[in-house]
Each structure stands twice: as structure tokens, then as C-alpha cells.
There are 2 protein chains.
Amino acid sequence: MANEASYKHKKVINIGVVKELTGLSQRQIRYYEERKLIFPDRTSGGIRKYSFTDIEILMDIANKIEEGVQTREIRQEMVRKQSVNNEQHRKMIQGQINAHFGIRRK
Amino acid sequence: MANEASYKHKKVINIGVVKELTGLSQRQIRYYEERKLIFPDRTSGGIRKYSFTDIEILMDIANKIEEGVQTREIRQEMVRKQSVNNEQHRKMIQGQINAHFGIRRK
DNA sequence: CGTGTAAGGAATTCTGACACG
DNA sequence: CGTGTAAGGAATTCTGACACG
């Protein structure tokens with residue numbers, strides 16, 4: 001059976017449902033994509049497909065917008081967090097490599 | 001944050017995606033509904049909405065059909081399993097009630 | 001019984017633009 | 001900057017029916 005968590009990231013949801021689940025307008029949802037805050041997939045016909053993760057992100061965005069944060073700032077924050085994650089991930093991988101090979105000496 | 005597992009049961013997926021994910025035709029998917037094997041939601045406009053659970057069920061159905069099992073038999077099997085589950089659930093609840101109140105005596 | 005298909009219509013989504021600010 | 005809206009078109013989905021078997 002497939003990993004359950006993968007459902008969360010699978011892009012299968014139309015904008016109409018995203019609208020229902022987030023309370024945002026289609027205009028808002030598309031605008032946040034234009035501002036590079038979300039990245040839906042597309043069908044061959046051009047229909048946007050979102051994941052549950054996208055929906056969670058959109059709700060976070062909505063909160064920040066309400067607080068007066070600009071999309072530009074939200075975007076910068078996302079990029080920053082991403083590079084932090086990448087760094088943490090790099091360190092973790094390196095740690096695993098060390099655990100396997102690093103300490104041992106001939 | 002919402003229970004992650006709830007994503008699995010949320011009916012948000014259009015038949016086109018279900019078709020992609022299961023490899024079944026729209027005709028087949030709709031027919032299995034007619035035979036009461038799956039129960040998608042509907043939008044106010046009448047568009048069917050499926051969950052990831054529905055997709056899993058559809059893949060099970062597809063396997064059984066391939067094995068030559070009739071929809072009628074699959075249906076009966078589902079009903080049987082459901083009543084077993086209900087019975088187990090009843091017993092479990094009763095067990096919890098007993099654990100709380102049953103053993104103690106004044 | 002289970003599935004394909006053509007038919008016509010309806011619901012949904014898409015883009016680009018104008019508007020306000 | 002962020003969002004609403006009317007406009008026209010395209011992609012998607014729906015139902016009921018005929019067909020084969």
C-alpha cells in the first residue's frame with residue numbers, strides 16, 4: 001500500500017474545492033500563484049490541480065494577508081525557510097554518512 | 001491542525017483524476033456507483049467528488065472484477081464486512097464502558 | 001453483466017482586461 | 001498592491017440510450 005502521507009501532497013483538487021475549503025475567492029487563489037506562493041499542477045487542458053498541502057499553505061497565506069503582510073514578504077519568508085530546511089537536510093544527510101563511514105579509521 | 005487521516009476520506013477529487021489514478025474508464029467508475037460499490041459526493045451542480053479512500057476501493061474492485069467476481073458479489077462482501085465491523089465496534093465500545101464503570105462495585 | 005460510444009447540454013475553469021486605490 | 005467583475009471560450013462532466021453479449 002502507498003504511503004498515506006503522500007495523499008497530502010498529491011495534486012488532485014480543482015480550484016472550486018480549494019475555494020470551498022479555504023474560503024478564498026478564485027481570484028485570490030490565482031493571484032497568490034502569480035506571486036509564486038503556490039504551485040498547482042495543470043491538466044493537459046490547463047485546469048489547475050491543488051494538493052491538501054497547497055490548501056494548508058493558502059490558509060497560512062490568508063492569515064498573513066489579513067495581518068497586513070504583503071505577498072512579496074510572504075514569498076521572501078518562504079524562500080528563507082526553504083533554504084534553512086535545505087541546510088538542515090544537508091547536515092542530516094552528512095550526519096548519516098558520518099555515522100556510516102566517518103568515524104571508522106583503518 | 002486537522003487530523004491528517006481525514007484527508008484520505010475527504011471527497012474532493014473529480015472523476016478525471018480518479019480515472020488517471022485507477023486506470024478505469026469513466027464508464028466503469030460510474031457503473032460501480034450504480035451498483036452501490038462507491039458513493040461519491042456531488043457538487044451543487046451535480047459533479048461527482050471522490051476521496052482517496054474511494055480510489056483505493058475502486059482499485060480493489062478492479063482486481064475482483066478481473067478475477068471474474070460479479071459486482072453483486074462484491075457488494076454482498078462489502079455489506080458483510082461492514083456488519084462485522086459494526087459488531088467489533090459495538091464490542092469495543094462496550095469494553096470501554098466496562099473498563100470505566102463495569103468492574104467497580106460499591 | 002459489464003463496458004464502449006456518440007449526443008447534447010450543463011457546470012466548471014481559464015485568460016486578459018478594466019476598475020479601484 | 002490586492003481583489004472584484006463581466007466576457008468569451010475551452011475543458012470537463014453529466015445523463016440516457018443504443019450496442020454487444
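Each chain gets a letter, A, B and so on, in the order its sequence line appears, and its residues count up from 1. Just so it is clear, the structure is predicted and the values come from calculations on it, not from any experiment.
Looking at the side chain of B:I15, the nearest of the listed nucleotides C:dG2, D:dT13, C:dT13 is D:dT13. Comparing D:dG2, D:dT15, C:dG4 by their nearest atom to the side chain of B:S25 picks out C:dG4. Side chain of B:Q70, nearest nucleotide from C:dG2, D:dT3, D:dG2: C:dG2.
Per the geometry, NZ belonging to A:K49 stands 10 Å off C1' belonging to C:dT12, to the nearest Å. Atom C1' of nucleotide C:dT15 and atom CD1 of A:I29 are separated by 16 Å, given to the nearest angstrom. Put simply, CG on B:L24 is 14 Å from P on C:dG2, counting in whole angstrom units. Atom NZ of B:K19 is separated from atom P of D:dT13 by 8 Å (rounded to the nearest Å). The distance between atom CD of A:E34 and atom C1' of D:dG4, rounded to the nearest whole Å, is 15 Å. Taking atom NZ of B:K64 as the reference point, atom C1' of C:dG2 lies 17 Å away to the nearest angstrom. Following rounding to the nearest Å, A:E33 (CD) and D:dG2 (C1') show an atom-to-atom distance of 16 Å. Going from atom CD of B:E66 over to atom C1' of C:dG2 covers 14 Å, rounded to whole Å.
Side-chain nitrogen and oxygen atoms of A:Y31 include none within less than 4.0 Å of the OP1 or OP2 phosphate oxygen of D:dT3. An OP1 or OP2 oxygen of C:dT13 is reached within less than 4.0 angstrom by no side-chain nitrogen or oxygen of A:R48. Distances shown here put a side-chain N or O of A:Q26 below 4.0 Å from the OP1 or OP2 atom of C:dT13. Phosphate proximity of C:dT5 to B:R30: absent, as no side-chain N or O sits under 4.0 Å from OP1 or OP2. Here B:N14 reaches the OP1 or OP2 of D:dT13: one of its side-chain N or O atoms lies under 4.0 Å away. Residue B:Y32 has no polar side-chain atom (N or O) positioned under 4.0 Å from OP1 or OP2 of C:dG2.
Remark: the A:R27 side chain and the D:dT5 base include a donor-acceptor N/O pair separated by less than 3.5 Å.
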**Q.** Dot-bracket pairing map - DNA chain D, Watson-Crick plus G-U, both contacts under 3.5 Å, | cross-strand
**A.** .||||.||.|.|.||.||||.
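A salt bridge links A:R90 with A:E87: at least one charged nitrogen is closer than 4.0 Å to a carboxylate oxygen. Between A:K11 and A:D54, at least one side-chain nitrogen of the basic residue sits less than 4.0 Å from a carboxylate oxygen of the acidic one, meeting the salt-bridge criterion. Of the charged side-chain nitrogens involved, at least one lies within less than 4.0 Å of a carboxylate oxygen, so that A:E77 and A:K81 count as a salt-bridged pair.
Nearest-nucleotide positions on DNA chain C place B:T71 closer to the 5' end than the other of B:T71 and A:G45. When each of A:I65 and A:S44 is assigned the nucleotide of DNA chain D with its nearest heavy atom, A:I65 is the one assigned upstream, toward the 5' end.
Between the side chain of B:T71 and the backbone N or O of B:R35, no donor-acceptor pair lies under 3.5 Å.
Side-chain rings of B:Y7 and A:Y7 stay apart, their centers remaining 6.0 Å or farther from each other.
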Q: Evaluate the criterion salt bridge (Lys or Arg N to Asp or Glu O under 4.0 Å) for residue pair A:K64 and A:E73; output intermediate values, then yes/no.
A: CA-CA 10 Å; A:K64 285 176 189 158; A:E73 303 172 295; over 6 Å; no
Q: Please assess A:E33 against A:R27 for the test salt bridge (Lys or Arg N to Asp or Glu O under 4.0 Å), listing each intermediate value before the final yes or no.
A: CA-CA 10 Å; A:E33 177 184 359; A:R27 183 70 163 99; over 6 Å; no
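Residue-level contact check: B:R72 touches neither bases nor backbone, having no heavy atom under 4.0 Å from any strand.
B:V18 and B:I47 are not part of a single hydrophobic cluster, where members link through side-chain heavy atoms under 4.5 Å apart.
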